[in-house]
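Scroll down for the structure; my scribbles are underneath it.
Not measured: the values here are computed from a predicted model.
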Amino acid sequence: MAGSAAFNFAIAIYIIPNILAALLFMVPPLRRTLERSNNRLITLLMWWSQPKLYVGRGMHEDMFSLLKYTLFWILLLISKLSFSYYVEIYPLVEPTKVIMTAGIGSYEWHEFFPYLKHNMGVVITIWAPIVLVYFMDAQIWYAIFSTIFGGIQGAFSHLGEIRTLGMLRSRFESVPSAFSERLVPPPLKAESSRNEEEVERRNIAKFSHVWNGFINSLRQEDLISNNEKDLLLVPYSSGVSVVQWPPFLLASKIPIALDMAKDFKKGDAELFKKIKNDRYMSAAVTECYETLRDILYSLLVDEADRHVIRQICHTVDTSIQQRKFLSNFKTSELPQLSSKLERLLTLLKGDHEDLNSSRTQIINVLQDIMEIIQQDVMTSGHGTLDKAQADTYEHANKHDKTKLKFANINLDLMGNKSWMEKVVRLHLLLTVKESAINVPTNLDARRRITFFANSLFMRMPTAPKVRQMLPFSVLTPYYKEEVLYSEEELNKENEDGITILFYLQKIYPDEWRNFMERVSRPKDETSEKEMMDSVRQWVSYRGQTLSRTVRGMMYYRQALELQCFLDMAEDHAILGGSRTISPDKNYHDQVAYAQRSEAIADMKFTYVVSCQIYGMQKKSSVAHDKSCYQNILNLMLLYPSLRVAYIDEREEKVNEKPEKAYYSVLVKGGDKLDEEIYRIKLPGKPTDIGEGKPENQNHAIIFTRGEALQTIDMNQDNYLEEAFKIRNVLGEFIKSRHRPPTILGLREHIFTGSVSSLAWFMSNQETSFVTIGQRILADPLKVRFHYGHPDIFDRIFHLTRGGISKASKGINLSEDIFAGYNSTLRGGNVTHHEYIQVGKGRDVGMNQISQFEAKVANGNGEQTLCRDVYRLGRRFDFYRMLSFYFTTVGFYFSSMVTVLTVYVFLYGRLYLVMSGLEGSILENPSVQPNIKSLESALASQSVFQLGLLLVLPMIMEIGLEKGFRTALGEFIIMQLQLASVFFTFQLGTKAHYYGRTILHGGSKYRATGRGFVVFHAKFAENYRMYSRSHFVKGLEMMILLVVYQVYGRSYRSSTLYLFVTFSMWFLVASWLFAPFVFNPSGFEWQKTVDDWTDWQKWMGNRGGIGISVDRSWESWWESEQEHLKHTSIRARLLEIILALRFLIFQYGIVYHLNIAHHSRSILVYGLSWLVMLIVLLVLKMVSMGRRKFGTDFQLMFRILKVLLFLGFLSVMTVLFVVCGLTVPDVFASILGFMPTGWSILLIGQATKPLVKRVGFWDSIRELGRAYEYVMGLVLFAPIAVLAWFPFVSEFQTRLLFNQAFSRGLQISRILAGRKDSNTY
C-alpha cells in the first residue's frame, strides 16, 4: 500500500503542473504576465514552463486570437482525422485481416525467413505508404482550410470590389469622398465649421492633385499615352457649377445627349429627366455649356461680341428655367453646331507655325458658329438678339463702321496653360467615343488604377499630417547587380540574334510606342546620346535593376512633398492647381511651399542603398565595375536625398606594420562627384564572418533614421499612388491595440509575370503566398514572420534586440525569416496589411527558378536545425505550434515525405512482385471478396495527387481580385501550358535540397541572376544542374515501374497497373524532361546537334585544379561530392545504407531469369555477384590497358581488346547454347545489374578516403563516367527524336510564350532573329 501511495503521489506531482498549464492555456494574458515576472514565488510556481532564457517569454496572444486559431485547427484536425479514417485506414482493415490469416504463398526467390506464419512483409508494404500519407496530408488540409478562411477574410477586407474598369466607372463618384476619409488628415475644429459644399470642393481639389500625380507618373513610366493621360486627368479647379469628372468617365456622353435631344418630342421636363438620370451625362452637358461660354467670352476682345455671348447665354438659361428650351431652340441643329465647335477647338489646340493664317481660320470658324447659333439653332427671339446686337455694335463701333463681327480675338490665351487645359478638355468631351471606356489599354495601368481605387474603401488608419507622421527610412542592399543597362548590353545579340532591346519591344509593344511618343522631338533638339540614355532607362525600368528600385523608392519623397503641400496650402493654392504661390507678409509664408515641402519630406524620409563594393568599383579598372560606379553616382546626382553606404578597405600602419582597415562609409551626391558624410571604423571585414547580404544590411543600418525602417530588396519597385498611403501604414505602429506591431507586412505585386509561361506560374504562386498565404498567417494563425523585403520594421524595437538581419554563415542563409523569429521570440507582433502594395520581380527562367527554390529549400533545412525554430516550437501552445510547423519547415518536410511516399510505395511493389507474394495474394480465393479494397490500397499513393489542392489558394486569390470566372480560365490555361509538370518538377527540387541539407548541412547562397532569359540553355548545363536532384531519381523510379509492370503483368490487368502508377509515370516524365520542355528552342534541330557536340566535349575533358565545372565532367563530378567532405560519420553511414536499396533489383531479377531454371538457392544470387565482379574486372582491365598501352603499345592494346571480345562471344555462346540463356534474360540482367553498379558507385563516393587509400578511386570515377554517358543517352534520345519534327519546336515556343503572344509578341520572329526595321 505504501508503494501504491508513493506512486499515486508521484503521478499527482507530475499531473498538477500539466493541469495548471491547461487552465492557464485558457487565460493567455495571465500566463503571459506570470511568465514575464521575475518574482521568486512565481518563478517557483512556474518552474515547469518558465524558460530560463530571456527570449521566448510571454509570447501568448489575447483570448480572441487564441479562440480563432484554436477553432481553426480543431476544425481542420476533425476533418483530417475523419477523412484519414474513412478513406485511408478503414478500407484496409478487412483486407489486412484476410492477408494475415491467408496462407503464405510460394516465394519466387530465396526467402531468408520462409517459416513465418503471417504475411507481415505484405502488411508492412501495404501500410507503409498509408502511414506516410497520414502524416503528410495534414499539409493538404491546411491548404484547403487556409483557402477557405483566407478567402472569407479577403472578402470582408473589401478585396476585389473594384477589379475592372466597369466597376471603377460605376463607383468613381464615391472615390473622392473615400480618398478624403482615408488619405486626407481630419480637419481641425475651425475647418470643420465650413459648409459641406465648401469642404467637398476642397476635398475633390485635393483628390485631383493626388489623382493627377498618379496619372502623370503612369505617363512618365510609359504605361499610358498622351491621349490616355488627357482622358484620365481631373481638373484642379472647376470654374463650373458641377464636378468635373475625368473624360474617360464621360465617354460618348455628349454625342449621346445630342442624339437624344435631336429628335426629342416629349417636352423639356422629360428630356431633362433623362439627362439627369445619368449623373455623368448631366455633369458633362453642364460642364460643356459653361466651359464653352467661358472660352468664347475670354477669346473675344470686343465688348459688342461679348454682349452677344451674354445675350445668348441669358436666353439659354431663361429657357431652361421656364422649361421652354425645346420650343426656343432647334435641337435638330445641335449636331451641326457640335461639328463646328470641334473644328474650332482643334484649331485652338493645334501647333501654329503661321499665326496669321491660323487666326483667319479661327475667325472664320467662329463666325460660322455664331451664324449657326443665331440663324439655325435659335427659333424665336433672335430678332431681338439682332436688335440688341445692332445697338451694341453701333455704340461700340461708331468710329469704325466697316469692322467685322467676331473678328477681334485674343490668341495670346493659347499661351495660358489653364485656358488651354479647358480647350483640350472641352474637345475631349465633344469628341471622345465609346473606345474611351477601355482607357487605359495597358494591363498594368489598369491593375494599378483599380487597386488604388479599391484600396480607398479598405480599412486603414487615419492619415496624419506629414509633420506629425512617424519618420522612416528605406534600406536596400546591393552587391553587383545591374544598375543601368549599357548601350552594349542593349544591342548584344544572343545565339539567335536577339537583343534585349528588341525582345522588350516585342514584350511591351504599347509601352514602347508610348515611350517613342514621349521622347519624340525635332532631331535638332535631341542628340543621339540623349536618346540612347532615354532608351537605356526605358529598358532598365523593365528589368530588375537598381535604377528601377531607386526610382520607385524615391516616389515616397515625391508623395510626401505633394501631401505636405496639401496640408499647408490655402484654398486658393489648392483650387488653383498650383504647388507654389507668392509669399504673404508672414515670415513662415515667405518661404515657398515647394521648399517647405521638400524640407519636411527630407526630415521624414531617408533612403540608404548599401552598395557593399561601391568603393572597390570606384577604384576598379574593369569596364563593368567602372560603369556600375558611374551609374550609382548618376543616381545620387539625380536624387539629391539618396544616400549610399559602402565598406571601404584601406591600408593603414599600426605599430609600423601595414594592416588592412575597414570602414562603413556614407556618401551623397555633390556637384559632380560623391561627397563623404560619415565614416565609421569596423573591427574587421563583415563578410568574412557572416553571409554577404545580411552583413551588407547590418553595416549600413546605423545610417538610417527615424522610428520605422522598410527593407527593400534589389528586385523591387514602388508606385507613386501606393507611396501616398505610407502615412496610413506607419500609423499602424501607433494605432491603439492589445499589442502594437513590431513588423508591418505588406503585400507584393509580381511584375515579371508577363515575360513567359514559367514567369507567369511563379508570379501566380508567389502572389498567392504574399496575399492569401500571409493574410491567414497573420490572422487568425498569428505566425506570420518576415518573408521578404517590403516589410516595415519598428526600427527602435529591433535595433535594441539584435537588429533585423542575423548573419551567421550557413545557418542564416534565409536571413529574412530569422528577423521574424527574433521579433516573435522577444515579444513582438507581426501583422499583414493589404491596402498597400510594393512591386517585386521574380526569376523568369527554368534554371533561375530552380536555383531560387534550391536556395530556399537549403535555408529551410538550416532552419529545421536551428535553435530559433526549437525555441518557437517549444514555447508556442499546441495549436499555434501546428500553425508554425505547417507554414515554415513543415511544408518542406511534407514535400520530402511526399517523394519518400513514392519511393516506399514503389519499393514495396518491387518486394511484392519479385517475391511473388503479390500474385499469390491477388489469386488467393479468400482475398477475392476484398479485391476492390486491396486495389484501393495499392493505389493509396494516389492520395498525393491531391497535391493539386495546393493550388487552391492561388485560385481563391485570383478569384477574389479578378473574378472566379477569370480564375477558372487562368487555371485551365495554366494546365494546358503544363503548369502541373512545372510544379511537380519543383517538388523534386524542394525535396532534394531540403533532404541533403538535413543530412549533410553545407547550404550555400546561390546567385540566381535577375536578367532577361532570352537564351537557350545547353543540354550539358541542364544535365549539370538537375542530374542528382531529378534525373537520377527519375530514372530509378522509371526502372522500378518497368520492373513492376514486366514481372506482374501475368496476373494483373493493365487497367489496374495504370490506375496504380499513372501519377508515378507523370512524376517520372516531369522530372526527366521538364528542363528541356521549358528550355527556349529546346527542340530545334540545329541546337540539339550543337548541344550533343558540346555535351560530348564536356564529358571527355579531363579535370584538374583551376578547371571549372562547366568545362569538364570530372571537375563537376568532384564538385557534386563537396557535401560529403565535411559531413558526419552518421551521415556517411546513412548514405551507404540508402545505397544498398539498389541491390534488391539484382536479388529479385536473377531468380526470374530463365537461366536460373526456377532455382531458389542462394547460390544463384552468389553466381550473379561473380558475374558482376567479372564484368567490373574486365572494365578495369580495359581502363588500365588504355592508360598503360594506349599510347606506346597501341598494337598490344588492340590485341587485348580483340581477345576480350572473342572471350565475351565465347562465354555468351556457351550461356545461350548450354545454360539456357535467352534474349529476355539479357535485358533483364541489364535491369538487375545496372542498379547494383550504381550502388557500388554511391558507396565508393561515401567512403572516398578509404577507396583512395586502396587505389580504386580512378576506377570509381570511370564507372561514374560510364553511368553518366548512359543517363545522358537515355535523356537525349527522346529530345533528338522530337527535334526531328519542326512542329514540335513551334508548339514548344507557343507553350513557353503564350502570355507574350496574347499581348502581341511575335515569338516566331524573335527566335528566328529577324528584326523589324523600325526598331531603335
Side-chain angles (χ1 to χ4, degrees), residues 237-242 244 254 257-258 261 284-322 324-325 328-331 333-349 358-398 400 403-414 416 418-427 429-430:
S237 60
S238 62
V240 295
S241 61
V242 293
Q244 291 180 289
I254 297 299
L258 290 174
V285 170
T286 305
E287 181 187 349
C288 233
Y289 165 65
E290 295 181 4
T291 304
L292 178 60
R293 178 190 63 196
D294 294 344
I295 288 174
L296 293 178
Y297 192 81
S298 57
L299 184 63
L300 296 169
V301 176
D302 292 339
E303 184 59 32
D305 296 338
R306 291 184 172 186
H307 181 74
V308 173
I309 299 298
R310 285 196 296 269
Q311 190 67 28
I312 293 172
C313 293
H314 176 73
T315 305
V316 172
D317 295 339
T318 306
S319 300
I320 293 174
Q321 289 174 4
Q322 297 176 356
K324 294 181 179 180
F325 184 81
N328 291 343
F329 294 89
K330 297 178 183 177
T331 54
E333 300 298 329
L334 289 178
Q336 179 188 357
L337 175 62
S338 176
S339 62
K340 282 294 181 181
L341 282 174
E342 288 180 25
R343 174 65 179 155
L344 174 65
L345 296 170
T346 303
L347 289 171
L348 287 174
K349 73 187 194 73
S358 301
R359 179 186 292 272
T360 303
Q361 293 181 35
I362 293 171
I363 290 172
N364 290 338
V365 175
L366 183 58
Q367 290 173 341
D368 290 344
I369 290 172
M370 299 309 298
E371 185 178 351
I372 291 172
I373 293 174
Q374 296 177 60
Q375 296 183 10
D376 298 337
V377 177
M378 300 181 71
T379 56
S380 61
H382 61 276
T384 306
L385 182 62
D386 289 341
K387 182 178 183 303
Q389 184 177 352
D391 293 341
T392 305
Y393 270 96
E394 183 179 354
H395 176 74
N397 301 321
K398 55 186 177 183
D400 187 3
K403 192 167 185 178
L404 294 174
K405 300 175 185 178
F406 308 109
N408 190 7
I409 58 176
N410 179 17
L411 291 186
D412 292 337
L413 287 170
M414 296 170 67
N416 186 316
S418 62
W419 190 81
M420 285 304 298
E421 285 177 355
K422 288 183 179 181
V423 171
V424 171
R425 180 172 173 84
L426 182 57
H427 184 264
L429 293 179
L430 293 174

* Closest non-hydrogen atom pair, Asp376 against Glu333 -> O-CG, 3.4 Å

* From OG1 (Thr360) to CG (Asn364), nearest 0.5 Å -> 6.5 Å

* Asked: Taking atom CD1 of Ile254 and atom SG of Cys288, what is their separation to the nearest 0.5 Å?
  -> 4.0 Å

* Do Met414 and Val423 pass the side-chain contact (heavy atoms from CB on, under 4.5 Å) test, and can you show the C-alpha distance, the side-chain angles, and the key distance before you say yes or no? -> CA-CA 9 Å; Met414 296 170 67; Val423 171; over 6 Å; no

* Asked: What's the shortest heavy-atom distance between Arg306 and Leu300, and which atoms?
  -> NE-O, 2.9 Å

* **Shortest non-hydrogen separation from Met420 to Leu348 and the atoms involved** => CE-O, 3.4 Å

* Just wondering, do Met370 and Gln367 contact through their side chains at under 4.5 Å, heavy atoms? -> no

* Atom pair NZ/CG of Lys349 and Leu426 - distance to nearest 0.5 Å -> 11.5 Å

* Asked: Can you check side-chain contact (heavy atoms from CB on, under 4.5 Å) on Ile372 and Leu341, steps first, answer last?
  -> CA-CA 11 Å; Ile372 291 172; Leu341 282 174; over 6 Å; no

* **CZ (Arg293) with more than 12 external heavy atoms under 6.0 Å** => yes

* Atom pair CG (Leu366) and CD (Gln361), whose distance is rounded to the nearest 0.5 Å -> 13.5 Å

* Check against side-chain contact (heavy atoms from CB on, under 4.5 Å), Ile409 and Arg359 -> CA-CA 8 Å; Ile409 58 176; Arg359 179 186 292 272; 3.8 Å; yes

* Asked: Of all heavy-atom pairs between Lys340 and Val365, which one has the smallest distance, and what is that distance?
  -> O-CG1, 3.6 Å

* Structure fact -> Rounded to the nearest 0.5 Å, the CG atom of Leu347 sits from the CD atom of Glu342 at a distance of 12.0 Å

* Taking every non-hydrogen atom, the tightest pair across Cys313 and Tyr289 -> O-OH, 3.3 Å

* Side-chain heavy atoms of Leu344 within contact of Leu296, under 4.5 Å -> yes

* Is a donor on one side and an acceptor on the other found under 3.5 Å between the side chain of Thr318 and the backbone of Thr315? -> no

* Do the side chains of Asn328 and Met378 get nearer than 4.5 Å, heavy atoms only? -> no

* Asked: At their closest point, which heavy atom of Ser298 faces which heavy atom of Asn410, and how far apart are they?
  -> O-CB, 4.3 Å

* **Evaluation steps, side-chain contact (heavy atoms from CB on, under 4.5 Å), between Leu334 and Phe329** => CA-CA 9 Å; Leu334 289 178; Phe329 294 89; over 6 Å; no

* With sequence neighbours left out, what residues match Arg425 under side chain to side chain donor-acceptor pair (under 3.5 Å)? -> Glu287

* Can you tell me how far the OG1 atom of Thr291 sits from the CG atom of Leu345, to the nearest 0.5 Å? -> 10.0 Å

* Asked: Does a salt bridge link Lys422 with Glu290, judged by any charged N lying under 4.0 Å from a carboxylate O?
  -> no

